[in-house]
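These notes are about the structure you will find just below.
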Amino acid sequence: MSRIDITFAKLKQHNRKALIPFITAGDPSPEQTVPLLHALVAAGADVLELGVPFSDPMADGPTIQRASERALKKGVTLRSVLALVAEFRKQDANTPVVLMGYGNPIEAMGWDVFAQRCADVGVDGVLTVDFPPEESHDAFEHLQRHNIAPIFLLAPTTNEARIQQVAKLARGYVYYVSLKGVTGSGSIDLSAIEEKMPQLRKHIKLPIGVGFGIRDAVTAKAVAKLCDGVVVGSRIVQEIEDSTAQNVVENVGRLVKELRQAI
Amino acid sequence: MYNFPDNTGHFGQFGGVYMAETLIPAVEELTAQYLRFKDDPEFKAELAYELKHYVGRPSPVYHAKRLSEHLGGAQIYLKREDLNHTGAHKINSAMGQALLAKRMGKKRVIAETGAGMHGVATATVAARFGMECIVYMGAEDIQRQAPNVFRMKLLGAKVVPVESGSKTLKDACNEAIRDWVTNVEDTFYIFGTAAGPHPYPMMVRDFQSIIGKEAKVQMPEMIGRQPDAVIACVGGGSNAIGLFHPYIEVPEVQIIGVEAGGYGIASGKHAAPLTANAKVGVLHGNRVNLMQDEDGQIIETHSISAGLDYPGVGPEHCLLNEIGRAQYVASNDDEAIAAFDALCRFEGIIPALESSHALAHAMKIAPGMDKDKVLLVNLSGRGDKDMNTVARIKGITL
Ligand SMILES: Cc1ncc(COP(=O)(O)O)c(C=O)c1O
């Protein structure tokens, strides 16, 4: 069993929901990424989503765009993100790490090399925002060979046929985007999520995480009731932006603890 | 037989649909609707009517005699897309897409724009059909194409400055995609070039192909045969593919695409992915030759012309380049300016800086060719919008 599967199996046993925080690798600096990841785990994170910065983050709102720009300014590359995961794994052998980003940096490295490196450093899943299943044959082949889970997004606009298609290909968990929009936008519509869930569950037997637009403990709690895990991104990245180098780890830890207690 | 894209939107290894999941159903719906209407007699008749009576087509072909004489070689002919309503080829496709939006019941249209010509064309058709219009434009381009910003506002469009990244066309494109994903239900994205996710490269090409179809009739009328070469500037590639596509299976006609060489290919500061043999990558929904660093980050491009200042190029051009059916070359900033000046002085035509790149290449090769050879250059737009840029280069304050 993979780290992701083990994690969700344990959570289910204890009747708990997964807390899945997102941070951008290298934000605010590469030196602080590994301490931040450990702080997230200490505060109760179950799965870690680590953003790979990209020059053109089309699916992201201003908060994560700025995080990407900060990281790129510090010279962060896909190579260095993988090195950060290797560093993290020295002290944490159990918490799943999912890389989230856009396809082009991976294309530039080559999917074969990338998948091999993921396996070497202990990456568990990969979510490529701009690669839908139709364009991902090459990617899957290489990820599967190394037992790395392809994580897929589903959206309010996704129809039943596409849900079925994703159900066949996905491993680990499936990420349901709770609203039409970019990361960090708007406020989410709980009743719309509740309505969509049965259609998703009908085909998807993997755990379902919900994200986009979860900004506080109250919303996190309400969303957690409807699914298997909540993903919180922009709110945490905002906290990083608002903190200083001295208090960023502490502030992020406090925020994630609040979220953990809520769900 | 040449028949691209395939039904999944691929031009060989290029093209495709690389979009976030939220937009995939919208793109699929657009493909279905386009395929449904493109051969519909009523749609075709309405488009033909608008192109004739509103846009002013067919655009003439003009023999630039004095310029040709001055160069002393091949004869240069110009396909006058600058004479279209709104002053560029962009309206050919904006009109087609607006008529499709109307049939799909979309009341809000969005667009990205670089030089502002596509923004103006979109604002124009939105006004024509009573649609809400939002245009995304890089903050740097807003500076260098100020007259077009004012035109869009006069036409009732909202122009949103984009401050992220390089503040040019690619960033405007990112922002338009962000708008689309947020407002996918009621919004039609009128895309400005023959790139992006399927069906855009095919649909924009089809709408722009009117350029080449007309030329194919006009040239025999004028000179009794087809030209020896067709030449067009390539940003995303819409005016070029519009002229080229009807000529792909006419082997005696050479096809030449002209990219923006900026400060020169060797300087690295250009917008010429095909000429510079840029690695294949994925951006804005399609797989294309793409200017990027070794880590796969998109690099900032440079061109004097905002409409060519883009790191990628449409997938069909990537294919035509790969199979060798078309050649891709670059004209540098200074060559484009020289061509701009020459057309003003010899022919009394002020061309867009984008089109000046195509003309510059024709001026480069014409002197070495026989006088009975014919080069057909796509004069994709007029240069009124470029007054500020050209004045600045010449050290003049307006
Ligand atoms: C007059 C003119 N020509 C050419 C272009 C380049 O676009 P494309 O390569 O799609 O024709 C533009 C774009 O703004 C333009 O305004």
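Reminder, nothing fancy here: chain letters follow the sequence lines and each chain counts from 1.
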Under 4.5 Å heavy-atom distance to chain A, tell me which part of [X] shows up: side chain, backbone, both or neither.
X	answer
B:I299	neither
B:V17	both
B:H10	side chain
B:I24	side chain
B:E28	side chain

Relative to chain B, which segment of [X] carries a heavy atom at a distance below 4.5 Å: side chain, backbone, both, or neither?
X	value
A:L153	both
A:L72	side chain
A:P57	both
A:E135	both

(request) Considering non-hydrogen atoms only, spot the tightest contact between B:R144 and B:S305 and give its length. (result)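 Nearest pair, atom of B:R144 first, then B:S305: NH1-C, 4.4 Å.
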(request) To the nearest 0.5 Å, tell me how far B:D293 CG sits from B:I298 CD1. (result)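 That separation rounds to 8.0 Å.
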Could you tell me which of [options] has the largest number of non-hydrogen atom pairs under 4.5 Å with chain B?
options	answer
A:R79, A:E69, A:R66, A:E107	A:E107
A:S55, A:A155, A:G61	A:S55
A:E134, A:M109, A:R162	A:R162

(message) Take a 6.0 Å sphere around CD of A:E195 and say whether it holds more than 12 heavy atoms from other residues, nucleotides or ligands.
(response)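 Not buried by this count: 12 neighbours or fewer within 6.0 Å.
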(message) Looking at A:F140, I want to see if its CZ is surrounded by more than 12 non-hydrogen atoms of other residues, nucleotides or ligands under 6.0 Å.
(response)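 Atom CZ in A:F140 is crowded, with more than 12 foreign heavy atoms closer than 6.0 Å.
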(request) Give a yes or no on whether the backbone of A:V97 and the side-chain of A:D124 come within a donor-acceptor separation of less than 3.5 Å. (result)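 Between the backbone of A:V97 and the side chain of A:D124 there is a qualifying donor-acceptor contact (under 3.5 Å).
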(request) If the plane angle is over 60° it's perpendicular, under 30° parallel, otherwise tilted; pick one for B:F191 and B:Y200. (result)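 Because their plane-to-plane angle lies in the 30° to 60° range, the rings of B:F191 and B:Y200 count as tilted.
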(message) Is the ring pair B:Y310/B:H284 parallel, tilted or perpendicular, if the boundaries are 30 and 60 degrees?
(response)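 Rings of B:Y310 and B:H284: parallel, under 30°.
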(message) Between A:F152 and A:Y175 (judged by ring centroids, cut-off 6.0 Å), do the two rings come close enough to count as a pair?
(response)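 That pair fails the under 6.0 Å test.
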(request) Flag the pair B:Y263 / B:H270 as yes when their ring centroid distance falls below 6.0 Å, and as no otherwise. (result)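 That pair fails the under 6.0 Å test.
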(message) Between A:K73 and A:D27, does any side-chain N to carboxylate O distance fall below 4.0 Å?
(response)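 The answer is no: the pair does not qualify as a salt bridge.
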(request) Inspect the contact between B:E132 and B:K107 and indicate whether a charged nitrogen and a carboxylate oxygen are less than 4.0 angstrom apart. (result)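 No salt bridge links B:K107 with B:E132.
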Below 4.5 Å, heavy-atom pairs only: which of [options] has the largest tally toward chain A?
options	answer
B:V184, B:V282, B:V280	B:V282
B:K279, B:E175, B:E294	B:K279
B:V181, B:I177, B:D179	B:V181

(message) Is it true that A:H142 and A:Q116 share a donor-acceptor pair across their side chains at a distance under 3.5 Å?
(response)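 Note: A:Q116 and A:H142 side chains miss the donor-acceptor criterion.
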(request) Decide whether a cation-pi geometry holds between B:R287 and B:F14; the criteria are a distance under 6.0 Å from NZ or CZ to the six-membered ring centre and an angle within 45° of the ring axis. (result)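 Judged by the rule, B:R287 and B:F14 form no cation-pi pair.
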(message) Only heavy atoms, only distances under 4.5 angstrom. Which residues in residues 164-173 of chain B are near chain A?
(response)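 At a heavy-atom separation under 4.5 Å, chain A is reached by B:S164, B:G165, B:K170, B:D171.
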